[in-house]
Participant: 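Take this structure first; my questions come after.
First listed ligand is number 1; within each ligand, the first listed atom is number 1. Just so we're clear, the structure is a prediction, and the values are computed from it rather than from any experiment. Below, each value reflects all heavy atoms present in this structure, side chains not excepted, and no hydrogens, waters or symmetry copies.
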Amino acid sequence: MPHAKWFIGGRLNVSENCLDRHLGTARENKAAIIFEGEPGDVRTITYKQLHFHVCRLAHVFENMGIQAGDRIAIYMPMVPEAVIAMLACARIGAVHTVVFGGFSPEALKDRINDCKARLVITADGGWRRGKIVELKAAVDKALENTPTVHSVLVLRRCGNPVQMKEGRDIWWHEAWEGAPNQHKAKAFDSEHPLFILYTSGSTGKPKGVLHTSAGYLLGCKMSAHYVFDIKDSDLYWCTADIGWITGHSYVVYGLMSNGATMLIYEGAPNHPQPDRFWRMVDRHGVTILYTAPTAIRAFMRWGDNYVLRHRLDSLRLLGSVGEPINPEAWMWYHTMIGKKRCPIVDTWWQTETGAIMITPLPGVTPLKPGSGTQPFFGVVPKVVDDQGKEVPRGSGGKLIITKPWPSMLRTLWGDDERYKKQYWSEFAGVYFTGDGARQDKDGYFWIVGRIDDVLNVSGHRIGTAEVESALVSHSSVAEAAAVGRPDELKGQALVCFVTLKAGIEASDKLKEELRSHVAHEIGALARPDYIRFASGLPKTRSGKIMRRILKEIATGGEIKGDTSTLEDFSVVASLQSDEE
Ligand code: WT7
């Protein structure tokens, strides 16, 4: 540790394990993907067809001169070609980095430059709430400052007009015209990098979490098999976008390696009506549904009537991921969606862990609403105090994992120092998750949430430092501090305290402008919910912003704990008297 390796000397091809292994079996002509676009278009792709697609794209990559180890950025809507692109990268040993289509050109540019991608794969656009999200235009903007990118492959999805840059941009359908539909997969080392996925941490710069091949694949294959109890007769639907780790592990790698049939959906859950999910469950006969608490709470708010018009009798298992699920949402999910018939697997894990770590096994583990229950096979978590000593049952503490596991991240791309510091230095020799937790008297784990400077807004991980640096990049802003406050729908809402430069007038218009500015810099998911102008921010004598105090002000609670290190208490007093 902290550089664990698994299956040393072993070799495999991850795409072969997801595709070729099913050929020549009863799964060959079974649906791998049933796709529904937001406009309602449906396509079914069998394992054999998916194999053809992936082989062709692998040839396209090779013809472009892409080699094993090269990085490819994928910035696509949630369409089958996004999955095909990932698997084709794996086939030739190229390392994909999927960037969620909701991220801004600026965020895309930073990620491309950090990993020095040579190729970007995108689409003209994707459908979202009846509108086209213009992905190619965003790529064009990002690529103004990305010296390593030499080609862009563009899928035609929406048919919106795009500019194709001569010598750089190629249409997907033209590039693979005539490419052979067979491709001999080479075996790569068990520790060959499979993908980099950027996620937020406690500094302004996102972390490039690196996952490798054999251990990662084992982790997601085995957990998908046991936690989702996947059978050939199932239709499994994970509502996550492939831009997140959930989409990597539990749409693509964990499910395809099990030969599962999955549904993928392009658009919004409330388009054209808030019953879209339930309509789709009935239309296709979904048996397993894996979604996020924030989505469940949104459905609760939209009203039971949208659910009650559908039968939902095909469902047999429900899953939850992304944040702690509040018992009220759990009960609603259980009764309204699962009709008290379906177990709920509340799965705790992280981008870094690669695969599910704490989870019930459906039909085996007695459930408690709100608890992820017990560790998965081979996972040894503990709840400890600041000294690393295990706390008694019932007490809160920090969640650590004391033994390496096959699907753990191997490093942070290009920054092994940060990797060691971030995960392995809080307590010597053990992995620190960044989460707070407690174990109850039965040994069940209850996750409290992040205890570092990372927020979980609607299941999306947002670093406060990233938001702050976006704010101070605006010409009116002198200083900024971002904190979370509990929110019924989003889990946490993003509250930003801003001090303005001298001579700048505070106004509602400026608030709006700053919110849009952050959305523009990072992506709409990071748009602040509230901005509060302040004449000063509470700081320690050494100048460090005391976020703990701002959090208490944002929640409207009284200031608890030690304020003796505060430089100037009048700043706090004025913030408190100046409620929104
Ligand atoms: C953080 C990881 C893992 C895929 C989605 C998010 C929180 C995740 C749960 C859960 C309580 C959860 C944790 C974790 N989290 N699942 N079932 N119960 N909290 O991946 O963006 O890497 O975020 O999400 O705080 O550290 P991520």
Side-chain angles (χ1 to χ4, degrees), residues 98 100 102-103 195-202 206-211 216 219-220 223-224 227 238-254 290-297 318-327 329-330 333 344-360 365 367-376 379 381 383 396 398-401 407-409 412 422-423 431-438 444-463 466 484 490-492 523 525-526:
V98 183
F100 174 58
F103 276 115
F195 65 85
I196 301 165
L197 186 60
Y198 286 89
T199 187
S200 294
S202 46
K207 305 182 281 196
V209 169
L210 180 74
H211 282 288
Y216 171 77
C220 24
S223 52
V227 178
C238 165
T239 65
D241 189 279
I242 47 136
W244 312 114
I245 190 69
T246 311
H248 284 59
S249 301
Y250 299 108
V251 175
V252 184
Y253 295 111
Y290 190 31
T291 194
T294 186
I296 297 165
R297 291 192 300 266
L318 303 174
S320 172
V321 64
E323 58 178 306
I325 180 166
N326 47 311
W330 196 101
Y333 199 28
I344 297 178
V345 286
D346 177 358
T347 61
W348 177 88
W349 58 297
Q350 309 177 298
T351 305
E352 292 87 343
T353 69
I356 292 169
M357 301 292 279
I358 298 178
T359 179
T365 315
L367 304 176
K368 298 188 190 187
S371 169
T373 75
Q374 302 273 4
F376 189 61
V379 177
V383 181
K398 293 176 171 171
L399 182 67
I400 60 169
I401 298 167
S407 63
M408 69 183 237
L409 79 166
L412 294 176
Q422 180 82 44
Y423 304 106
Y431 174 86
F432 175 48
T433 62
D435 276 356
R438 143 180 94 75
Y444 276 42
F445 284 85
W446 297 77
I447 309 294
V448 181
R450 306 290 309 191
I451 48 178
D452 50 9
D453 293 328
V454 172
L455 305 181
N456 191 330
V457 178
S458 297
H460 296 316
R461 195 157 144 182
I462 298 176
E466 279 171 77
K490 298 178 149 193
Q492 277 188 303
L525 68 159

Participant: Tell me which protein heavy atom sits closest to atom 5 (C) of ligand 1, plus the residue, atom name and distance to 0.1 Å.
Facilitator: Thr246 OG1, 3.6 Å

Participant: For the atom pair CD1 (Ile400) and CG (Asp435), what is the distance rounded to the nearest 0.5 Å?
Facilitator: 13.0 Å

Participant: Nearest heavy atom to atom 25 (O) of ligand 1 wins, so pick from Ile462, Leu197, Asp435.
Facilitator: Asp435

Participant: Would you say the ring centers of Tyr198 and Phe103 fall short of 6.0 Å from each other?
Facilitator: no

Participant: Measure the acute angle between the ring planes of Phe195 and Tyr216, then classify it against the limits of 30° and 60° as parallel, tilted or perpendicular.
Facilitator: perpendicular

Participant: Any idea which protein heavy atom is nearest atom 10 (C) of ligand 1, and the distance to it?
Facilitator: Glu323 O, 3.5 Å

Participant: Closest non-hydrogen protein atom to atom 11 (C) of ligand 1, residue and atom name please, with distance?
Facilitator: Pro324 N, 3.1 Å

Participant: Looking only at protein heavy atoms, which one is nearest to atom 7 (C) of ligand 1, and what is the separation?
Facilitator: Gly322 O, 3.3 Å

Participant: When you look at Val227 and Tyr250, which way does the side-chain contact (heavy atoms from CB on, under 4.5 Å) test go after all the steps?
Facilitator: CA-CA 11 Å; Val227 178; Tyr250 299 108; over 6 Å; no

Participant: What is the closest protein heavy atom to atom 21 (O) of ligand 1, and at what distance does it sit?
Facilitator: Arg461 CD, 3.4 Å

Participant: At what distance is the nearest protein heavy atom to atom 2 (C) of ligand 1, and which residue and atom is it?
Facilitator: Trp349 O, 3.7 Å

Participant: How far is atom 22 (O) of ligand 1 from its nearest protein heavy atom, and which residue and atom name does that atom have?
Facilitator: Thr351 OG1, 2.5 Å

Participant: Check for me whether Thr433 has a heavy atom closer than 4.0 Å to any atom of ligand 1.
Facilitator: no

Participant: Rounded at 0.5 Å granularity, tell me how far CZ in Arg438 sits from CD1 in Ile447.
Facilitator: 10.5 Å

Participant: With sequence neighbours excluded, give me every salt bridge (charged side-chain N to carboxylate O under 4.0 Å, His left out) pair touching residues 347-357.
Facilitator: Lys207-Glu352, Glu352-Arg461

